[in-house]
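Computed from a predicted model, the values in this text were never measured in an experiment.
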Amino acid sequence: YRARFEGGMEPDEIKELINQMAPAARVECEDLTGTRDHWKVTVISTVFDGKTTLEKHRMVKSLFHSRFEDGSLHALTLKLYSLSQWEKTN
């Protein structure tokens with residue numbers, strides 16, 4: 001049994017973790033439930049160039065392992081784009 005962490009994560013914490021991996025990334029965070037533990041995160045970065053969807057997800061989710069473990073994060077929906085992918089879709 002894992003004790004539930006009260007408080008969740010702030011959007012700035014999410015952005016800071018992602019910017020450690022991708023310093024120039026554009027990061028948008030949306031709290032899906034108002035509880036700060038279910039997030040939709042969109043990241044646009046050149047670090048994703050040439051990466052598969054699975055590789056991109058593994059790169060980002062690994063940053064949040066301890067947050068899933070301590071319960072401060074329960075769900076993370078990821079939308080991950082290289083700069084060229086973002087330009088094609090938007």
Met21 and Leu73: same hydrophobic cluster, using ILVMFWY side-chain contacts below 4.5 Å? yes
Should Ile44 and Leu76 be counted in the same cluster of Ile, Leu, Val, Met, Phe, Trp and Tyr side chains packed under 4.5 Å apart? no
Could you report the tightest heavy-atom contact between [X] and [Y], atom names first, then the distance?
{"X": "Asp37", "Y": "Ser72", "result": "CB-O, 3.6 Å"}
{"X": "Gly8", "Y": "Glu13", "result": "O-OE1, 4.4 Å"}
{"X": "Lys51", "Y": "Val47", "result": "CG-O, 3.8 Å"}
{"X": "Ala25", "Y": "Val43", "result": "CB-CG1, 4.0 Å"}
{"X": "Trp39", "Y": "Pro11", "result": "CH2-CD, 3.7 Å"}

Rounded at 0.5 Å granularity, tell me how far [atom1] in [X] sits from [atom2] in [Y].
{"X": "Lys56", "Y": "Asp49", "atom1": "NZ", "atom2": "CG", "answer": "9.5 Å"}
{"X": "Leu54", "Y": "His57", "atom1": "CG", "atom2": "NE2", "answer": "8.5 Å"}
{"X": "Ile18", "Y": "Met59", "atom1": "CD1", "atom2": "CE", "answer": "11.0 Å"}

Are any non-hydrogen side-chain atoms of [X] and [Y] less than 4.5 angstrom apart?
{"X": "Val27", "Y": "Val41", "value": "yes"}
{"X": "His74", "Y": "Thr35", "value": "no"}
{"X": "Glu87", "Y": "Leu83", "value": "yes"}
{"X": "Gln20", "Y": "Leu63", "value": "no"}

Test log, rule side chain to side chain contact (heavy atoms under 4.5 Å, CB included), inputs Lys79 and Glu30: CA-CA 11 Å; Lys79 301 292 183 184; Glu30 179 184 349; over 6 Å; no
Excluding sequence neighbours, so at least two apart, what forms salt bridge (Lys or Arg N to Asp or Glu O under 4.0 Å) with Glu10? Arg36
Just to verify, what does Thr42 make a side chain to side chain donor-acceptor pair (under 3.5 Å) with, not counting sequence neighbours? none
Going by the rule ring pair (Phe, Tyr, Trp, His ring centres under 6.0 Å), which residues pair with Tyr81 if we only count those two or more places apart in sequence or in a different chain? Trp86
Any donor-acceptor N/O pair, Thr52 side chain to Glu55 backbone, under 3.5 Å: yes
Using side chain to side chain contact (heavy atoms under 4.5 Å, CB included), reason through Leu80 and Thr53 one step at a time and then give a plain yes or no. CA-CA 8 Å; Leu80 308 172; Thr53 299; over 6 Å; no
